[in-house]
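These values consider heavy atoms only, across backbone and side chains, with no hydrogens, waters or symmetry-generated copies. Everything numeric here is computed off the predicted structure, so don't read it as measured data. Each residue takes its place number in the sequence, starting with 1.
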Amino acid sequence: MAFWIVGVLGLVIAYFLGSIPSGYLAGKLLRGIDIREHGSRSTGATNVLRTLGKWPALVVLIADVLKGVAAILVARWFCPWLTTELSPTPPTASDLQTWGPWAVCLAGIAALLGHGRSIWLNFTGGKSAATGLGVLLAMSWPVGLGAAAVFGVVLAIARIVSLSSMLAALTAIVLVCGFEHPLPYRLLVIAGGLYVIIRHRANIQRLLAGTEPRLGQGRPDAKAEAQL
């Protein structure tokens with residue numbers, strides 16, 4: 001019973017970590033504005049960049065990455081410890097080895113959903129790319145660094161955040177399937193990568209139409225969602 005209680009608690013914590021509206025808070029604290037009423041009307045780091053400037057955007061980006069990292073740390077260390085403390089029959093090392101990766105998988109998904117569907121913003125939010133990167137780095141740093149490298153290279157060449165984010169998500173899927181990882185980790189990255197890409201469906205349409213803005217350009221569609 002204690003295992004299931006702690007499992008649900010871990011998912012709730014991961015969701016609430018992911019749902020922290022970093023971009024929204026930056027707008028309120030720095031300029032007293034609701035960032036959802038400016039630029040692309042999103043709380044993502046890209047809209048923060050266009051609305052508040054590069055340093056607030058960098059802080060929001062780091063905060064969003066750390067949300068993903070924190071969710072995985074909760075699943076990997078806090079939940080097993082709490083289960084051991086609460087349960088009259090503590091789980092064996094074999095039990096933790098079996099269930100640990102699944103806890104990481106579910107916590108990662110909860111964090112992504114929290115960022116994209118924040119309870120504090122009427123279940124709206126960003127596109128989960130930055131939080132997804134944090135999940136990757138905490139779960140498997142080689143996969144996370146590989147995805148981050150692709151993001152950086154594509155952004156430097158094309159200067160399109162949405163394209164960089166989607167290619168990074170695809171890279172993560174390829175890497176997690178190519179390296180030795182538990183099945184839950186692979187399922188998490190595949191599901192999370194597809195989720196990030198689906199959240200960019202409006203950007204895909206603009207890319208195909210040749211109207212997706214590059215960094216430094218204004219947005220023709222102010223009602224579209226931000227990139228991250």
Quiz item: Does S118 reach the main-chain N or O of S19 with its side chain, forming a donor-acceptor pair under 3.5 Å?
Solution: yes
Quiz item: Between N47 and T43, is a side chain to side chain contact (heavy atoms under 4.5 Å, CB included) present by the stated rule, with each step listed?
Solution: CA-CA 7 Å; N47 194 36; T43 62; over 6 Å; no
Quiz item: Is there a donor-acceptor pair under 3.5 Å between the side chain of Y195 and the backbone N or O of L113?
Solution: no
Self-check item: Distance, nearest 0.5 Å, that separates OG of S128 from CG of D64
Solution: 9.0 Å
Quiz item: Which atoms form the tightest heavy-atom contact between R36 and Y24, and what is the distance?
Solution: NH2-CE1, 3.6 Å
Self-check item: Side chain to side chain, L49 and L215, heavy atoms closer than 4.5 Å
Solution: yes
Quiz item: Distance from L170 atom CG to I190 atom CD1, nearest 0.5 Å?
Solution: 11.5 Å
Quiz prompt | Smallest separation among heavy atoms of A103 and A75, with atom names | solution = O-CB, 3.5 Å
Practice problem: Indicate yes or no for a side-chain donor-acceptor contact from R76 to the backbone of M139 under 3.5 Å, with no hydrogens or angles considered. | Solution: yes
Quiz prompt | Heavy-atom side-chain contact between L207 and S162 under 4.5 Å | solution = yes
Quiz prompt | Inter-residue atom distance R186.CZ - E180.CD, 0.5 Å rounding | solution = 6.0 Å
Practice problem: Compare every heavy atom of A111 with every heavy atom of T131, then report the nearest pair and how far apart it is. | Solution: CG2-O, 4.0 Å
Quiz item: Looking at L30 and L52, what are the two nearest heavy atoms and their distance?
Solution: CD1-CD1, 4.3 Å
Exercise. Output yes when a side-chain donor or acceptor of H200 lies under 3.5 Å from a complementary backbone atom of V196, and no otherwise.
Key: yes
Quiz item: Are the side chain of K67 and the backbone N or O of I20 linked by a donor-acceptor pair below 3.5 Å?
Solution: yes
Quiz item: Is the NZ atom of K28 crowded by more than 12 outside heavy atoms at less than 6.0 Å?
Solution: yes
Quiz prompt | Euclidean distance, L188 CG relative to H181 NE2, rounded to 0.5 Å | solution = 10.5 Å
Quiz item: Would I72 end up clustered with I109 when hydrophobic side chains under 4.5 Å apart are linked, directly or stepwise?
Solution: yes
Quiz item: Is it the case that one hydrophobic cluster holds both L136 and L73, taking links as side-chain heavy atoms less than 4.5 Å apart, direct or via other members?
Solution: no
Self-check item: Distance (rounded to the nearest 0.5 Å) between I119 CD1 and Y15 OH
Solution: 5.0 Å
Quiz item: Hey, any chance V174 and V189 share a hydrophobic cluster, counting ILVMFWY side chains that come within less than 4.5 Å of each other, even indirectly?
Solution: no
Quiz item: With a 4.5 Å heavy-atom cut-off, do T46 and R50 have their side chains touching?
Solution: yes
Practice problem: Taking the side chain as every heavy atom from C-beta outward, state whether L61 and V48 have any atom pair closer than 4.5 Å. | Solution: no
Quiz item: Going only through I, L, V, M, F, W and Y residues with side-chain contacts under 4.5 Å, is there a path from V135 to F179?
Solution: yes
Exercise. Establish whether L163 and L208 are linked, either directly or via other cluster members, by ILVMFWY side-chain heavy-atom contacts under 4.5 Å.
Key: yes
Practice problem: Provide the closest heavy-atom pair for I197 versus A169 in the form atom of the first, atom of the second, distance. | Solution: CG1-CB, 4.3 Å
Quiz item: Is there a side-chain contact between S165 and V161 (heavy atoms, below 4.5 Å)?
Solution: yes
Practice problem: Taking the side chain as every heavy atom from C-beta outward, state whether I160 and N203 have any pair of such atoms under 4.5 Å apart. | Solution: no
Practice problem: Using a 4.5 Å cut-off on heavy atoms from C-beta on, say whether the side chain of I33 contacts that of T51. | Solution: yes
Practice problem: Mind listing the closest non-hydrogen atom pair of A110 and A14 along with its distance? | Solution: CB-CB, 3.9 Å
Self-check item: Euclidean distance, S22 OG relative to I62 CD1, rounded to 0.5 Å
Solution: 11.0 Å
Practice problem: For the pair R201 (side chain) and I198 (backbone), establish whether a donor and an acceptor sit closer than 3.5 Å, ignoring hydrogens and angles. | Solution: yes
Quiz prompt | Any donor-acceptor N/O pair, R214 side chain to A158 backbone, under 3.5 Å | solution = yes
